[in-house]
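Below is one structure, written out as structure tokens; comments come after it.
All values derive from a computational prediction rather than experimental measurement. Residue numbers begin at 1 in each chain, while the letters A, B, ... track the order of the sequences.
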Protein chains: 2
Amino acid sequence: MLNGRQVELLKLIVEDYIKTAKPVSSKAICDTLNCSSATIRNEMAALEEYGLLEKTHISSGRIPSEKGYRYYVDNIMQPKELTGEDMLKLQTIFQNSSLVLDDYITKSVEIVSEMTNLTAVILGKSSKENFVSKVEVVPINEHNLIAIVVTDKGHVEHRNLTIEEDVSANDIKQTVDLINKMIVGTQLDEVGSVLEYKIKPIIANYVKQHEALYNAFYNAFNDFTKESVVMAGRKNILMQPEFSTPEKIRDIVSKFEDKQVINRITEEDDGVNIYIGSETEFDDDVTIIKTKYNLNGEEGTIALIGPKRMEYDKAVTLLNYITSNIDKED
Amino acid sequence: MLNGRQVELLKLIVEDYIKTAKPVSSKAICDTLNCSSATIRNEMAALEEYGLLEKTHISSGRIPSEKGYRYYVDNIMQPKELTGEDMLKLQTIFQNSSLVLDDYITKSVEIVSEMTNLTAVILGKSSKENFVSKVEVVPINEHNLIAIVVTDKGHVEHRNLTIEEDVSANDIKQTVDLINKMIVGTQLDEVGSVLEYKIKPIIANYVKQHEALYNAFYNAFNDFTKESVVMAGRKNILMQPEFSTPEKIRDIVSKFEDKQVINRITEEDDGVNIYIGSETEFDDDVTIIKTKYNLNGEEGTIALIGPKRMEYDKAVTLLNYITSNIDKED
DNA sequence: TTTAGCACTCTTCTTTTTTGAATGCTAAAA
DNA sequence: TTTTAGCATTCAAAAAAGAAGAGTGCTAAA
């Protein structure tokens, strides 16, 4: 469909526009392509015909259309090598094994946003791949306990238990022992149903004040789906010239605060996904690049949010690098 | 210094400006004060003389100066009753005892920002008032353990331990028993020094491979000062007309992302504090109202960030209400 | 197929004009 | 002494007009 020169031209226009944010004129190209501006104009008209380029007004230079970006991303763009410096920065996180997961994620998201000048988001989920390894209980005072669940992957969850009745220390111990016996090896998201269908029917055999205790544990362990959202570099996208009106900036900031919008980023397929302009829920000038990762059984999504005019090659390479580094850890 | 009518006038101007964000004209006031606009103009000139009012240009209406707001806040403003609806909303959080601290804080900050239309921040700190109640260890695999510390107030911290050498399960048990024996009752921020000065000298007597184990625990327990920042309603302040230029919005968003700036909010004295305009680190059009709280031994600061033109009475009343409700829990 | 040349379009920046809301001041009224 | 009516004056904000310049499309020649 496109001849070689047209492909080259589209590439030049996309990359020039990404750099400058200004419509690209035929004159600006002709040196690089060794022909006159009139020739370029002819080819530009052809690319516009195909819907790959647009004008901002009738006598303006060309900018890539959404379809143009898509063509660039799917057919033209080459993966870009990470610089040694970037690689080094990433290694300092990946190789720091003493970090707790939360800190690990916070650090990563900060470095990624700084490296790309984009807004970075990591959406984490307590994964189904976590199996209960141990349940511990620590009494705080007469009516309050802390219940702690540790999984085989080292994930820790804790909950406050409030028990209205007076219960004996022995009853508590019996309950915890029973729960441990029955629940170790259960997937985190099945804990609730194991409690209900396996433990509830038999707990009366072992524990006197079973009702109060069962209820307390059930309430606490009912739902372990804790989702975490960590963002960094919100300002980066707002500094871009396409977001220079108060309305647009406010709109983006509002979207960043809307948990529903942010959580919907995780939806859909695997691999590295690119959503351009109207394909995002944010704004026609926004592109989102995202990918899923699995870190020690914690599933998550890492997303980069920036202007449609972002450095796609760098962003994609970076995400690929990160996920391949994260996933290979065991 | 000010006569009664001047006080009344200042009050009217501040409150009108808070509502409308438009300079207040003499004409707008004269109905309320039962005199002609010319009389008001005379009084306005006097208040301007005192530095309590300003003009945006030579023939504009008046707006309160920073000093004017300060006078209003310190001398004129009356505490405002919370509406029943607001009170109810707050009760739904305060009375939900099953919430884990994190969720409690997230919920609170959201509701407060929604109620006030301001940006709300809660800065929490693992307090010195937490004393170790129990240390537990759960092995994950040969070289990794999860160490969990529970405090008397129900605060839970966990850390990954990586132990390079092979150590026996018995050694681990001995170490944990020793640590528990020595460390229970220690303040969270003293755990490091107890390890170093009390446990390190004697651990060799109880544990064979004491070095690897001691190091692992020391690294993990060295530092428990975990600070959390939760914000909600960033967009609220940005929607205000004083933040309608891209530069101002971007500046505020950047400040919101600057951990140093945010953490400095916690500095300085107790009680409810009000920082107006240039007294803040944000912007001359910003006011910050903050107060410290102590919730089950977790110390923190709750701050409301909004335009200088905020509803001071409502904000102050709300913060007072919250802290008195939080602090009285035991 | 490519290119030089030219008329034409439209944005952006600057300048001018118009309108109207407020003020300060003066002098008269209370 | 305090209040008020009246009026000239100031300035912001919006609308209108003008000037400059960057780019295009199209035609006709190379």
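Checking the phosphate oxygens (OP1, OP2) of dC11(D), no side-chain nitrogen or oxygen of Ser59(B) falls inside 4.0 Å. In this model, the phosphate group of dA21(C) is not approached by any side-chain N or O of Arg62(B) to a distance below 4.0 Å at OP1 or OP2. For the OP1/OP2 pair of dT4(D) and a distance below 4.0 Å, the side-chain nitrogens and oxygens of Thr39(B) include at least one atom meeting the criterion. For Arg5(A), no side-chain nitrogen or oxygen approaches OP1 or OP2 of dT1(C) to under 4.0 Å. Dashed line: the shortest gap from a side-chain N or O of Lys55(A) to OP1 or OP2 of dG25(D) is under 4.0 Å.
The base-pairing partner of dA30(D), taking Watson-Crick or G-U wobble contacts with both distances under 3.5 Å, is dT1(C).
Residue contacts for Ser26(B): at a heavy-atom cut-off of 4.0 Å it reaches the sugar-phosphate backbone alone, with no base atom in range. Nucleic acid contact class of Lys27(A) (heavy atoms, under 4.0 Å, all strands): none.
A straight line from CZ of Arg41(B) to C1' of dA22(C) spans 8 Å, rounded to a whole angstrom. Following rounding to the nearest Å, Asn42(A) (CG) and dG5(C) (P) show an atom-to-atom distance of 17 Å. Here the C1' atom of nucleotide dT3(D) and the CE atom of Met44(B) are 16 Å apart, to the nearest Å. Put simply, OH on Tyr17(A) is 14 Å from P on dG23(D), counting in whole angstrom units. Between the C1' atom of dA22(C) and the NZ atom of Lys22(B) lies a distance of 15 Å, rounded to the nearest Å. When the C1' atom of dT2(D) is taken as reference, atom CG of Asn34(B) falls 16 Å away, rounded to whole Å. The interatomic distance linking Ile40(A) (CD1) with dT1(C) (C1') rounds to 14 Å, in whole Å. For the pair Glu43(A) CD and dT2(C) P, the computed distance is 7 Å after rounding to whole Å.
The side chain of Glu48(A) approaches dG25(D) more closely than any other nucleotide in the set dT23(C), dG25(D), dT9(C). Of the candidates dA22(D), dT4(D), dC11(D), dC11(D) carries the atom nearest the His57(B) side chain, counting heavy atoms from C-beta on. With dA5(D), dT3(C), dT9(C) as the choices, the nucleotide that has an atom nearest any side-chain atom of Ile58(A) turns out to be dT9(C).
No hydrogens or angles considered: a donor-acceptor pair under 3.5 Å links the side chains of Glu15(A) and Tyr72(A).
A side-chain donor-acceptor contact under 3.5 Å links Glu257(B) to the backbone of Gly233(A). Listed for the Glu279(A) side chain is a donor-acceptor partner under 3.5 Å among the backbone atoms of Ile276(A). Counting only distance, with no hydrogens or angles, the side chain of Thr39(B) and the backbone of Cys35(B) share no donor-acceptor pair below 3.5 Å.
Screening residues 16-32 of chain B for side-chain hydrogen bond (donor to acceptor under 3.5 Å, both in side chains), with sequence neighbours left out, gives Ser26(B)-Arg41(B).
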